[in-house]
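For reference, the structure is listed below as structure tokens.
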Amino acid sequence: MAKNFTKRSDNYSQWYNELVIKADLAENSAVRGCMVIKPHGYSIWEKMQAALDKMFKDTGHVNAYFPLFIPKSFLSREAAHVEGFAKECAVITHYRLKSDPNGKGVIVDPDAKLEEELIVRPTSETIIWDTYRKWIQSYRDLPLLINQWANVVRWEMRTRLFLRTAEFLWQEGHTAHATEKEAMEEARRMLDVYSTFAEEYMAMPVLKGVKTASERFAGAVETFCIEGLMQDGKALQAGTSHFLGQNFAKAFDVKFLTKENQQEYVWATSWGVSTRLVGALIMTHSDDHGLVLPPKLAPIQVAVIPIFKNEEELQRISEKIIPIINALKAKGISVKYDDRDTQKPGWKFNEYEFKGVPVRLAVGPRDLENNSLEIARRDELTKETIDFDKCVDYVEQLLEDIQSNLYNKALDYRTKNTVEVNTWDEFVQRIENEGGFISAHWDGTAETEEKIKQETKATIRCIPLDNPLEDGKCILTGNPSKQRVLFARSY
RNA sequence: CGGGGUGUGGCGCAGUUGGCUAGCGUACUUGCAUGGGGUGCAAGGGGUCGGAAGUUCGAGUCUUCUCACCCCGACCA
């Protein structure tokens, strides 16, 4: 157990913060609300990027890059969009500084005021649709399937490392289609990409659903989402995919000629996931001993620690273990051989454990005699002794086991913490105590949704996609309802 | 923006009714021993107390102003 590390059961959010810091993932920067992503945290993000990027390309998308700055007037073209983002935009008003005539330092040069202010993108729909107008003339130009890896800024009032920062890294896909059906299919397809990624790579089970009108993305016709359940019973929106209808095409006048020589507005989608996923990953699997990473996203999958008293002993160990390391690497496994003499073995054990390395091998003189080594798995914190000649296959299999074990544990947790509730008292009781997902009837009005939020802080996370229809009564108002929706408190 | 809090070696903190050379843990450096779960002992380096002004013989400590950050709410991926 790490020294001075808060337990989840004592204070979950403190546990989270300490974990991020102590596992060297990120730290607060000199800029309010903005984090420094440290190498270990960033390499997890890179693993995520690599997997997602491949999935995007495999579904026909290409990458491009649009400007960080957006003319202020662009934002207001789409009414709902500006309303949603106006309150959290950073604004560029000047382009030059000058020395302070009254003292030290520099001041904003009042003569360098911009004709039109620029905003730092909170999302890129507007600049991209303004550009798409020039790119799209004919049905032959469609579909346009573009993704961008970028940073965005949303001036949030309260921030938390990875979960909500003023600047964050993400990808945003922006696609244009000839038909409503095609755009809707795209939005759903990318939602599936996200859920596949979450489950197969992050080992995080997610629920796919559609947002209610009040939770919808500013400017979207329909917002789809994946929702995960964190270990403290709160839900986390892990990704969104929006069907934008023709809203942005109309706002930016993006039309195309159909085969029938008709002018029509194009149909759009946008979809994104962010560095918030790193936060989701942490909160899904990690424990009171630190970070736990699923092998598929672990920058180091196997740490090898020699135990030696002197140079000669290390050499004997290295001779034996390096061929094994090479065999593991040949299988595409990332291995770190930590033969530093500057840290003690016990120190290293704790280090890799806290940083979430899935598998640890330890080899010492004892193992050389027995022709064995010690294999420890991070997810279960168990150790075994394995014969040298069996260990390569064993490790390969173990990584797969850990990946699926993590998923199954998380799924089991979610299953146990998803309940159907039929009365208001039960609902309130559940929200206040256990948390988790609550499946309950809702009368479908924004007023009721808002009132439930006011009274319990619970929001409708989504209406699950394959939701069965079922007659019932709204838990708050008793009005008739056709289906259950999913409530939770959320991040 | 409302409420609360904190600024003192890299990090985490103590510092009493103003008083003498500003202290502790940890981290760091060196040496010796140690080496299968954050090793022990010893020695050593490093701060002028967020900033400004004031009161005083004397300010980390009191006063005023100011800046920054953190936590709780409203807002949000």
Side-chain angles (χ1 to χ4, degrees), chain A residues 1-5 11 13-14 17-18 21-22 27-34 83-89 103-104 122-123 151-172 194 211 214-218 220 223 225-228 235-242 270-280 289-290 305-311 313-314 317 339-355 360-370 372-376 381 383 385 453-454 457 459 461 490-491:
Chain A
M1 169 83 63
K3 291 173 181 168
N4 309 317
F5 183 44
N11 185 337
S13 84
Q14 191 177 333
N17 284 128
E18 285 180 14
I21 302 290
K22 289 175 191 246
E27 63 187 36
N28 282 308
S29 71
V31 184
R32 191 207 72 96
C34 296
E83 188 170 336
F85 287 105
K87 285 169 292 187
E88 48 191 38
C89 282
K104 295 164 194 164
T123 180
N151 57 341
V152 287
V153 169
R154 296 182 189 175
W155 215 262
E156 301 289 352
M157 295 176 176
R158 292 196 55 210
T159 59
R160 289 192 72 192
L161 294 167
F162 288 114
L163 297 175
R164 178 168 302 108
T165 46
E167 178 193 15
F168 56 94
L169 306 184
W170 78 344
Q171 59 68 218
E172 46 182 328
Y194 288 156
K211 288 289 188 189
S214 45
E215 297 277 331
R216 196 176 285 154
F217 174 76
T223 289
C225 62
I226 53 170
E227 295 278 333
L236 183 81
Q237 179 173 309
T240 48
S241 180
H242 315 291
S270 69
W271 28 274
V273 294
S274 71
T275 36
R276 170 180 263 200
L277 289 181
V278 178
H289 298 261
I305 299 167
I307 294 152
F308 56 95
K309 287 196 179 82
N310 51 52
E311 192 61 30
E313 206 163 72
L314 172 61
I317 293 167
D339 61 353
R340 287 177 296 173
D341 195 19
T342 52
Q343 312 291 353
K344 311 240 318 170
W347 190 93
K348 293 175 188 173
F349 289 175
N350 281 287
E351 174 81 356
Y352 292 112
E353 182 169 298
F354 201 87
K355 290 191 171 177
R360 185 190 70 229
L361 308 184
V363 208
R366 215 155 66 199
D367 299 294
L368 293 183
E369 277 176 38
N370 302 333
S372 66
L373 45 68
E374 182 190 271
I375 300 187
L381 292 168
K383 295 192 271 201
T385 304
K453 184 178 174 182
Q454 292 295 328
K457 292 184 188 163
T459 51
R461 300 317 304 157
S490 76
Y491 279 93

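Numbered from 1 within each chain, the chains take letters A, B, ... in sequence-line order.
- Distance check, rounded to the nearest 0.5 Å: NE2 of A:His242 to OG1 of A:Thr223 gives 4.5 Å.
- Classified by interplanar angle (parallel below 30°, tilted 30° to 60°, perpendicular above 60°), the ring pair A:Phe5/A:Phe354 is perpendicular.
- Rounded to whole Å, the separation between the P atoms of B:C62 and B:G15 comes to 12 Å.
- The partner of B:U55 is absent, by the rule that a Watson-Crick or G-U pair needs both atom distances under 3.5 Å.
- Taking the P atoms as reference points, B:G4 lies 37 Å from B:G47, given to the whole Å.
- Between A:Asn310 and A:Glu313 the shortest side-chain heavy-atom distance falls below 4.5 Å.
- Across the protein-nucleic acid pair, A:Trp347 atom CH2 and B:G37 atom P stand 16 Å apart, rounded to whole Å.
- Residue A:Arg276 has its side chain nearest to B:A77 when only B:G36, B:A77, B:G73 are considered.
- Partner assigned to B:C75 is none, using Watson-Crick or G-U wobble distances below 3.5 angstrom.
- In terms of polar N and O atoms assigned as donor or acceptor, the side chain of A:Lys348 never comes within less than 3.5 Å of the base of B:G36 in a complementary pairing.
- Across the C1' atoms, B:G35 and B:U26 are found 22 Å apart, a figure rounded to whole Å.
- Rounded to an integer number of Å, the gap from CD1 of A:Ile307 to C1' of B:U34 is 14 Å.
- Taking a pair to require two hydrogen-bonding distances under 3.5 Å in either a Watson-Crick or a G-U wobble arrangement, B:A42 pairs with B:U30.
- Regarding A:Tyr352, its OH atom lies at a distance of 17 Å from the P atom of B:G38, rounded to whole Å.
- Between B:A74 and B:G18, the distance separating the two C1' atoms is 43 Å to the nearest Å.
- The shortest side-chain heavy-atom distance between A:Ser214 and A:Lys453 does not fall under the 4.5 Å cut-off.
- Not a single donor-acceptor pair, N or O on each side, falls under 3.5 Å between the base of B:U34 and the side chain of A:Lys309.
- Taking the ring centre of A:Phe349 as origin, the terminal cationic atom of A:Arg360 falls inside the region bounded by 6.0 Å and 45° from the ring axis.
- With rounding to whole Å, A:Arg216 atom CZ is found 17 Å from B:A77 atom C1'.
- The gap from the P atom of B:G9 to that of B:G50 amounts to 8 Å, rounded to the nearest Å.
- When the nucleotides B:G38, B:C75, B:G36 are ranked by their closest atom to the side chain of A:Asp367, B:G36 comes out on top.
- Taking atom CD on A:Gln14 and atom C1' on B:G12, their separation rounds to 13 Å, with Å as the unit.
- When the C1' atom is used for both B:C70 and B:U16, the distance is 27 Å, rounded to whole Å.
- With values rounded to the nearest 0.5 angstrom, A:Thr459 atom OG1 is found 6.5 Å from A:Lys211 atom NZ.
- Straight-line distance between the P atoms of B:U64 and B:U6: roughly 16 Å, to the nearest whole Å.
- B:C24 is paired with B:G12 under the Watson-Crick or G-U wobble criterion, all donor-acceptor distances under 3.5 Å.
- A distance of about 33 Å separates the P atoms of B:G58 and B:C13, rounded to the whole Å.
- A straight line from CD of A:Gln343 to P of B:A27 spans 11 Å, rounded to a whole angstrom.
- In this structure, B:G47 forms no base pair with any nucleotide, since neither Watson-Crick nor G-U wobble geometry is met with both distances under 3.5 Å.
- With rounding to the nearest 0.5 angstrom, the CG atom of A:Asn28 is 8.0 Å from the CG atom of A:Asn17.
- Taking atom CD1 on A:Ile305 and atom C1' on B:G36, their separation rounds to 11 Å, with Å as the unit.
- Looking at A:Asp341, its side chain comes within 3.5 Å of the base of B:G35 through a donor and an acceptor atom.
- In this structure, A:Arg160 places its CZ atom 13 Å from C1' of B:C70, rounding to the nearest Å.
- The nucleotide whose nearest atom lies closest to any side-chain atom of A:Asn28 is, among B:A77, B:C75, B:C70, B:C70.
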